[in-house]
Structure formats: structure tokens, C-alpha cells
Amino acid sequence: QVQLVESGGGLVQAGGSLRLSCAASGNIFSIRAMGWYRQAPGNQRESVATITSGGATTYADSVKGRFTISRDNAKNTVYLQMNSLKPEDTAVYYCRFTIRTMYGLEYREVWGQGTLVTVSS
């Protein structure tokens, strides 16, 4: 069993910052990639940022230059540093790991429970 636990969401004013964390625990053999997704009311879920096992990163155009994804491999943790927050960043943020478990033959996706980020104007 592998679980992801998210933390760091909350209420901030426009222009403020938040740092989200997502820690994986359980029977992990290897991690191929980590990522952050978000979904706002009335909107589809979108990819925010990803990081591969090799360290390559991608960002949505809407957050590029403001958000930074990073990881701590020793702690099986991924972070999302969010600066210069805007009201349109308001959403539930979900982390996702692509994981191979012990004795597993393939990689699979594991999702966090979601954490709410609210940015007031």
C-alpha cells in the first residue's frame, strides 16, 4: 500500500505565497515522476507542474515564473512553491506520483487527497 499525504493549503491574499508538500509512504520500490494538478469549481482538472526521476520539470503556462516544483528523494516528498498568487489560482490541488511498488511489475499512478488553496482579491 502506498499513500500520499498533502499539506500546506490555506487562505492567502493575492500576491502572497504558499508551499505545498506531498509525502509518499508505503511499499515503494521506485518513483518515475511526481506532479501537481488542480481543479477549480466549473473547470476541468489541469496539470500544474511535473518533475521526472531525472529532474526534468514542466509547468503550465499560467504558472510559469511563479510556481516551482521540487523534490526530496530521501523523504519521498514533492513540493510546490507558489509565489505571486492570483485569485485564479484558487483550486483544490492534488499531487500525483508514478510509482512502482515492491514486487510490482509496472508503474502505477497514486494520488493525494487534495488540499484547498484559496486566494482572495
Side-chain angles (χ1 to χ4, degrees):
Q1 295 286 337
V2 176
Q3 293 189 358
L4 308 184
V5 179
E6 302 181 34
S7 62
L11 173 64
V12 297
Q13 295 182 348
S17 297
L18 284 174
R19 189 193 192 206
L20 306 183
S21 299
C22 178
S25 62
N27 193 23
I28 300 171
F29 181 78
S30 64
I31 300 173
R32 173 180 284 174
M34 308 172 181
W36 290 94
Y37 291 75
R38 69 185 182 186
Q39 186 165 15
N43 291 59
Q44 292 186 303
R45 184 176 63 183
E46 64 174 340
S47 176
V48 176
T50 63
I51 185 167
T52 70
S53 60
T57 59
T58 66
Y59 295 94
D61 289 341
S62 59
V63 307
K64 198 170 298 181
R66 300 187 298 119
F67 291 10
T68 302
I69 187 171
S70 61
R71 66 185 180 186
D72 185 333
N73 289 335
K75 297 180 179 180
N76 289 329
T77 300
V78 64
Y79 306 95
L80 186 67
Q81 179 66 46
M82 304 184 293
N83 298 325
S84 302
L85 283 162
K86 304 175 181 179
E88 50 263 45
D89 295 318
T90 296
V92 177
Y93 286 70
Y94 300 90
C95 60
R96 173 198 58 81
F97 281 32
T98 305
I99 291 175
R100 182 184 173 187
T101 59
M102 295 291 185
Y103 310 110
L105 299 179
E106 298 179 344
Y107 284 89
R108 63 183 180 89
E109 303 290 344
V110 183
W111 291 85
Q113 81 280 7
T115 185
L116 177 63
V117 172
T118 303
V119 184
S120 62
S121 59

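Counting from 1, the numbers follow the sequence of the chain as shown.
- Residue L20 is grouped with residue L85 when hydrophobic side chains (ILVMFWY) are merged at heavy-atom distances under 4.5 angstrom, including chains of intermediate members.
- Side-chain contact between R108 and T101 is present, with heavy atoms from C-beta onward closer than 4.5 Å.
- Residues R38 and S62 have side chains in contact (heavy-atom distance under 4.5 Å, counting atoms from C-beta outward).
- Transitive grouping of hydrophobic side chains (ILVMFWY, heavy atoms separated by less than 4.5 Å) keeps V78 and V92 in distinct clusters.
- Under the 4.5 Å side-chain heavy-atom criterion for ILVMFWY residues, a single connected hydrophobic cluster contains both I69 and I31.
- With values rounded to the nearest 0.5 angstrom, Q3 atom CD is found 6.0 Å from S25 atom OG.
- Between the OG1 atom in T98 and the CD atom in E106 there is a gap of 12.5 Å [rounded to 0.5 Å].
- M82 is not connected to Y79 by any chain of hydrophobic side-chain contacts under 4.5 Å among Ile, Leu, Val, Met, Phe, Trp and Tyr, and they are in different clusters.
- More than 12 heavy atoms of other residues, nucleotides or ligands sit less than 6.0 Å from atom CD of Q39.
- A salt bridge does not link D89 with K86: every distance from a Lys NZ or Arg NE/NH1/NH2 to an Asp or Glu carboxylate oxygen is 4.0 Å or more.
- Pairing each heavy atom of T77 with each of K75, the nearest pair is OG1-O, 2.9 Å.
- Among all heavy-atom pairs drawn from A49 and L80, the shortest one is CB-CD1, 4.2 Å.
- Side chain of R66 to backbone of S84: a donor-acceptor contact under 3.5 angstrom is found.
- Residues I28 and A24 share a closest heavy-atom pair of CD1-CB, 3.7 Å.
- The hydrophobic clustering, which links ILVMFWY residues whose side-chain heavy atoms are closer than 4.5 Å, places I51 and V63 together.
- Listed for the T90 side chain is a donor-acceptor partner under 3.5 Å among the backbone atoms of V119.
- Summarising the geometry of V110 relative to I99, their closest heavy-atom pair is CG2-CD1, 4.3 Å, with the distance given to 0.1 Å.
- Here the closest heavy-atom approach between residue C95 and residue E6 is recorded as N-OE2, 3.0 Å.
- When atom types are taken as modelled, the side chain of R71 and the backbone of S53 share a donor-acceptor pair closer than 3.5 angstrom.
- With Y37 as reference, W111 is the one residue of F97, Y94, W111 to meet the ring-ring contact (aromatic ring centres under 6.0 Å, His included) rule.
- A tilted orientation is assigned to the rings of F67 and Y93, their planes being inclined by 30° to 60°.
- Of all heavy-atom pairs between N73 and M34, the closest is OD1-CE, 4.3 Å.
- At least one side-chain heavy atom of T68 sits less than 4.5 Å from a side-chain heavy atom of Y59.
- Contact of the S30 side chain with the Y107 side chain is registered, since non-hydrogen atoms from C-beta on lie closer than 4.5 Å.
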*Under the side-chain contact (heavy atoms from CB on, under 4.5 Å) rule, what do T50 and R96 come out as? Steps first, then yes or no, please.*
CA-CA 9 Å; T50 63; R96 173 198 58 81; 4.1 Å; yes
*Would you please test S17 and R19 for side chain to side chain donor-acceptor pair (under 3.5 Å) and show each step?*
CA-CA 7 Å; S17 297; R19 189 193 192 206; over 6 Å; no
